[in-house]
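Take a look at the structure below.
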Amino acid sequence: MQGGVSSTQQPGTSPAVTKKHLVLLRDGRTLIGYLRSIDQFANLVLHQTVERIHVGKKYGDIPRGIFVVRGENVVLLGEIDLEKESDTPLIQVSIEEILEEQRVEQQNKQEADKIKVQALKERGLSIPRADTLDEY
């Protein structure tokens with residue numbers, strides 16, 4: 001340690017800025033990377049970032065590199081315990097496989113939603129569309 005800064009820590013940064021973090025975004029995406037910068041608005045800069053996609057008991061990581069996130073899109077930010085990271089019961093699969101699983105899951109969800117909407121219509125009820133909810 002020289003001048004109060006450890007050899008792995010850059011001058012002017014807190015120790016949290018050099019650790020691996022998980023970020024949950026407002027649109028549901030999950031990012032994992034090394035937090036390099038954060039400001040008072042929760043704007044983030046992540047380095048060596050991957051987008052992690054979960055489907056059932058499987059997951060896949062898509063490399064994204066440097067990722068800048070506007071603070072209003074951050075739902076959750078947490079440090080990853082590297083010792084416990086490898087103890088996951090999930091199975092890592094290829095990018096192609098997880099994207100196909102995600103597509104099938106989204107397709108099944110859309111079909112289930114259509115059935116629900118139809119059942120509600122038959123009973124004289126309606127659900128506002130998700131894209132019109134932001135207007136209020």
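Just so it is clear, the structure is predicted and the values come from calculations on it, not from any experiment. Residue numbers count from 1 along this sequence.
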Judged by atom type as modelled, is there a donor-acceptor pair below 3.5 Å linking the side chain of Ser37 to the main-chain atoms of Val45?
-> no

Judged by atom type as modelled, is there a donor-acceptor pair below 3.5 Å linking the side chain of Asn43 to the main-chain atoms of Gly71?
-> yes

Using 0.5 Å steps for rounding, measure from the [atom1] atom of [X] to the [atom2] atom of [Y].
X	Y	atom1	atom2	answer
Thr49	His47	OG1	NE2	8.0 Å
His21	Ile80	NE2	CD1	8.5 Å
Leu22	Leu24	CG	CG	7.0 Å
Gln92	Arg52	CD	CZ	6.5 Å
Glu51	Leu31	CD	CG	6.0 Å
Lys20	Leu82	NZ	CG	6.5 Å

Under 4.5 Å between side-chain heavy atoms, hopping through other hydrophobics if needed: is there a path connecting Ile32 to Tyr59?
-> no

Say whether Ile91 and Ile53 are linked into one hydrophobic cluster, either directly or through other cluster members, by side-chain heavy-atom distances under 4.5 angstrom.
-> yes

Look at atom CD of Glu111 and say whether more than 12 heavy atoms of other residues, nucleotides or ligands are closer to it than 6.0 Å.
-> yes

Within the 4.5 Å heavy-atom criterion, are [X] and [Y] side-chain neighbours or not?
X	Y	answer
Val23	Leu46	yes
Leu90	Lys58	no
Val75	Leu25	no
Ile62	Val50	no
Glu101	Glu105	no

Does any pair with a residue in residues 117-128 pass salt bridge (charged side-chain N to carboxylate O under 4.0 Å, His left out), and if so which ones, sequence neighbours excluded?
-> none

Going by an N to O cut-off under 4.0 Å, is there a salt bridge joining Glu100 and Arg103?
-> yes

May I have the step-by-step check of side-chain contact (heavy atoms from CB on, under 4.5 Å) for Val55 and Ile98, ending in yes or no?
-> CA-CA 7 Å; Val55 179; Ile98 199 66; 3.9 Å; yes

